[in-house]
Amino acid sequence: MKKLVVAIGIVLLWNACKFNNNEKVLPILGSRRAVTKVVNGQTVTDTVYQTIPAIKYINQYGDSINDKNLDGNIYVADFFFTTCPSICPIMQRNMLNVYNAFKDSTGFKIVSYTIDPQHDSIPVLKRYADKLGINGNTWWLLQGHKDETYQVAKSYLVSVQEKNPAGEYIHDGYFILIDKKKRIRGTYDGTNPDEVKKLIADIKILKAEPVI
Amino acid sequence: MKLKIIAVIVFLLFLLFVSCQSDEQMEFNRYYSSGSLIYQNHCQNCHGTNGEGLQGLIPSLKDSVFLKYNKNTLACLVKYGLKKNITILKRSYDSEMPPNDLAPIQIANVLTYITNSFGNKMGTITLPQVGIDLTKCK
């Protein structure tokens, strides 16, 4: 009898845990402000979350990309440059895992902004993409104005800094997870395989989340 | 009592085994373990934890034929980097490898590590050998 009670207890606990997992919701990051407006004669206060600013870029295929092209997509953003010798190879190796996990699913993209647009022209980005073994439209390598990229980077909570005296770009190596409404839902150290595993798990959670 | 005797015998055998390691083996172990740390600090970011490289961008270090035929130029590659095309495992690579400011002994260590890891087995690349190789860099 005792054993039976223990067994039932374990089953119940197990189910409780499973239930919690299903309910997991990712936080909304970034700044927020309360907006009060009048709807149908009633005063309503709403929270407005920080979103990613409008962008205008060109991808590795030479196509113009603006923020409309990302509408309704969950995406992961990072910053890189093709000649980066330090942390980029680790980041790309890790991002390839994300790419391979979701390359066949709809409504998902990876956008990598180059912070060295002068060197990283469209043909350079295309060659880089080919050598990395990526094709199709899941992973875009984007080239745009440097100032604009730095503005975008700021809003992604990532600092992208000017060239250091040694002649190399410094950047933080973060992967940023953005939801369908362009809100920041997570930041992950792109050089850490464990954090990238968490990112892949979080994308699955986000994909299952109903858009409110 | 029996157990004690067995333990003592095992211990003696172990001592015998350790002391029988030849000088060469000990030298190899020293080179290899120092090389492993240098690899982590100077090579691993690009060439990967398991020497796998990165797709078509960064070559793998598993091409034992390349390593064997270029054994005497490897030291120069590490020290001065590489700007021209190379073909590794039938794949062509044209990105630049940056130079590494390492002492000859460090180069010998890291080369011993690389040429005896990732499926390679080439034995110790010694400091005197690296010294000779470095005088012939082009």
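Order of the sequence lines sets the chain letters (A, B, ...), proteins ahead of strands, with each chain counted from 1.
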Query raised in the report: Could you give the distance from CG (A:Leu26) to CD1 (A:Ile184), rounded to the nearest 0.5 Å?
Result: 13.0 Å
Requested in this report: Select one option (side chain, backbone, both, neither) describing which atoms of B:Leu57 are under 4.5 Å from chain A's heavy atoms.
Outcome: both
Cross-chain donor-acceptor list, chain B x chain A, under 3.5 angstrom:
from    : atom 1 : to       : atom 2 : distance (Å)
B:Asn45 : O      : A:Arg93  : NH1    : 3.4
B:Asn45 : ND2    : A:Ser86  : O      : 3.2
B:Cys46 : O      : A:Arg93  : NH2    : 2.5
B:Gly53 : O      : A:Arg93  : NE     : 3.4
B:Gly53 : O      : A:Arg93  : NH2    : 3.4
B:Gly56 : N      : A:Lys131 : O      : 2.7
B:Asp94 : OD1    : A:Lys131 : NZ     : 2.3
B:Asp94 : OD2    : A:Arg127 : NH2    : 2.5

Query raised in the report: To the nearest 0.5 Å, how far apart are CE in A:Met95 and CD1 in A:Ile134?
Result: 10.0 Å
Report task. For A:Val98 and A:Ile203, work out which heavy atoms get closest and say how close. Result -> CG1-CD1, 3.9 Å
Report task. Might you point out which heavy atoms bring B:Leu74 and B:Phe66 nearest each other, and give the distance in Å? Result -> CD2-CE2, 4.4 Å
Query raised in the report: If only atom types and distance count, is the side chain of B:Asn116 paired as donor or acceptor with the main-chain N or O of B:Lys121 below 3.5 Å?
Result: no
Query raised in the report: Can you tell me how far the CG atom of B:Asn70 sits from the CD1 atom of B:Ile88, to the nearest 0.5 Å?
Result: 7.5 Å
